[in-house]
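Just the heavy atoms: all of them, side chains too, but no hydrogens, waters or symmetry mates, feed the values below. Order of appearance sets the numbers: ligands from 1, and atoms from 1 within every ligand.
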Amino acid sequence: MIIKGEITPPGDKSISHRAFMFGALAQGTTIIRDVLESADVHSTKDAVQSLGAKVRKDGNTWVVTGGSLKEPQKVIDAGNSGTTARLLSGICAGIDGVTTLSGDSSLVSRPMGRVIKPLEKMGARFLARSGRYLPLAIQGGSLEGISYTMEVASAQVKSALLLAGLCAQGTTTVNEPTKSRDHTERMLAYFGAPPVIDGNTISMSGPAKLEARDISVPGDPSSAAFPAIWAAATPGSSVLIRNVCINPTRTGFMSVLERMGAHISIENIQENAGEPVGDIVISGEILQATIIEGDEIPKLIDEIPILVVAACMAEGTTIIRDAAELRVKETDRIAAMVKGLSRLGAAVQEQDDGMVIQGPVRLHPGSIETFSDHRIAMSFHILAKAFDIDVALDDTACVGISYPNFFASMESLT
Ligand code: S3P
């Protein structure tokens, strides 16, 4: 089915989380506009309130007064949100007292050792289930800067360490194997505490204070990717996606689509709170297969499920590799995509760190398991629409984690 029209995606999830956290840490009152009103972001908003930030809504604007966070009286529930759990671990490592964190059945099985290990080196103490999972308790307090080389490229781990570094004595230096999304670095600069960045090494001198700011959250490229890929892979389609964050650490999926032969242009580029923003214009084409691997992976990690849909429509063999991190997202996204596609009749080869797709695939109607993962549900919905087949999803409510208006928004383009 072809699509036409224009759409404004909801606010960026990563930036919305950080806006509440930075507002809570900063002295003064931070005004946040165009926040993503989704379950994940509300987990962060509730969490910073539990830590003592004053949060209120004034029309469509959130007003956060921060600067004096304290030990919470109750367990913080991070819900389904890895960003809440991991970034908050870094913040709470710097708060005197004990914070307990938990989450839903998906989040409690996601790895927390990756933040526990370096934060312990900085001086925080953790008690975690099996040593590395939620629920966990953090004894925070006086931290010291460390130099740490991360094993995986993870913006969540990097951000947890930089936020802990704000409260630590001395310099906290983080080396990432490959550059991951840099919203925390940009927001630190915007709130008056710029880190020093040298390639993939980021240093933060502490203790440092943040100053409250006004932020308008740009549209989420990860949400824009759904209509973008649907349009790009369907000849005859054309869409305009307005006000999208085009931070180069997030737009890997657009580079891949261009390599596959898609027509994409970006107009009206502006800067907003330290982030580049623009309107994306896309028209459809028969796409060609490609290889997605290496340094590109962190720049499109959340878009791989929907890129798999592009690969299903493209001509030739698409290979996705170096993406083992997908196995520890809201669900194992490699297994979930392979299982769903196989149920619909596509022969997809599962690999430890990715998959191989021979396109264009032939599909039949059917039902698939989403594993209550928002991006799996949205990807199979787009697949169904693009291939004009009926695909029943066992959970549609999960899209509310990142794109509450998803089904109506997509419908408006048909
Ligand atoms: C995020 C970082 C990524 C991404 C997640 C959001 C962030 O996770 O998958 O959806 O906001 O920092 P990792 O840092 O674990 O790769």
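Taking each heavy atom of Ser81 and His17 in turn, the nearest pair found is OG-CE1, 3.3 Å. Summarising the geometry of Ala289 relative to Gly316, their closest heavy-atom pair is CB-C, 3.3 Å, with the distance given to 0.1 Å.
Annotation: His381 is in aromatic contact with Phe406 [ring centroid separation under 6.0 Å].
Which parts of ligand 1 touch Asp302 is read off a 4.0 Å heavy-atom cut-off, strictly below it: atoms 4 (C), 5 (C), 9 (O), 10 (O). Residue contact check: Thr83 has heavy atoms under 4.0 Å from atoms 1 (C), 6 (C), 7 (C), 11 (O) of ligand 1.
Between Ser159 and ligand 1, no pair of N/O atoms sits closer than 3.5 Å. The shortest N or O to N or O distance between Ala155 and ligand 1 is under 3.5 Å. Any N or O atom pair closer than 3.5 Å counts here, and Lys329 shares at least one such pair with ligand 1. Residue Arg375 has no nitrogen or oxygen atom sitting less than 3.5 Å from a nitrogen or oxygen atom of ligand 1, judged on distance alone.
Ligand 1 has no atom lying under 4.0 Å from any heavy atom of Lys158.
When non-hydrogen atoms are compared, ligand 1 lies under 4.0 Å from neither the backbone nor the side chain of His17.
Residues passing the side chain to side chain donor-acceptor pair (under 3.5 Å) test with Thr396: none are found, sequence neighbours excluded.
The side-chain heavy atoms of Asp12 and His183, taken from C-beta on, include a pair separated by under 4.5 Å. The side-chain heavy atoms of Ile376 and Cys398, taken from C-beta on, include no pair separated by under 4.5 Å.
Protein heavy atom at the shortest distance from atom 1 (C) of ligand 1 is Gln156 NE2, 3.6 Å.
Among Lys13, Arg18, His183, the residue whose heavy atom sits closest to atom 7 (C) of ligand 1 is Arg18.
Donor-acceptor pairing under 3.5 Å is recorded for the side chains of Arg250 and Ser222.
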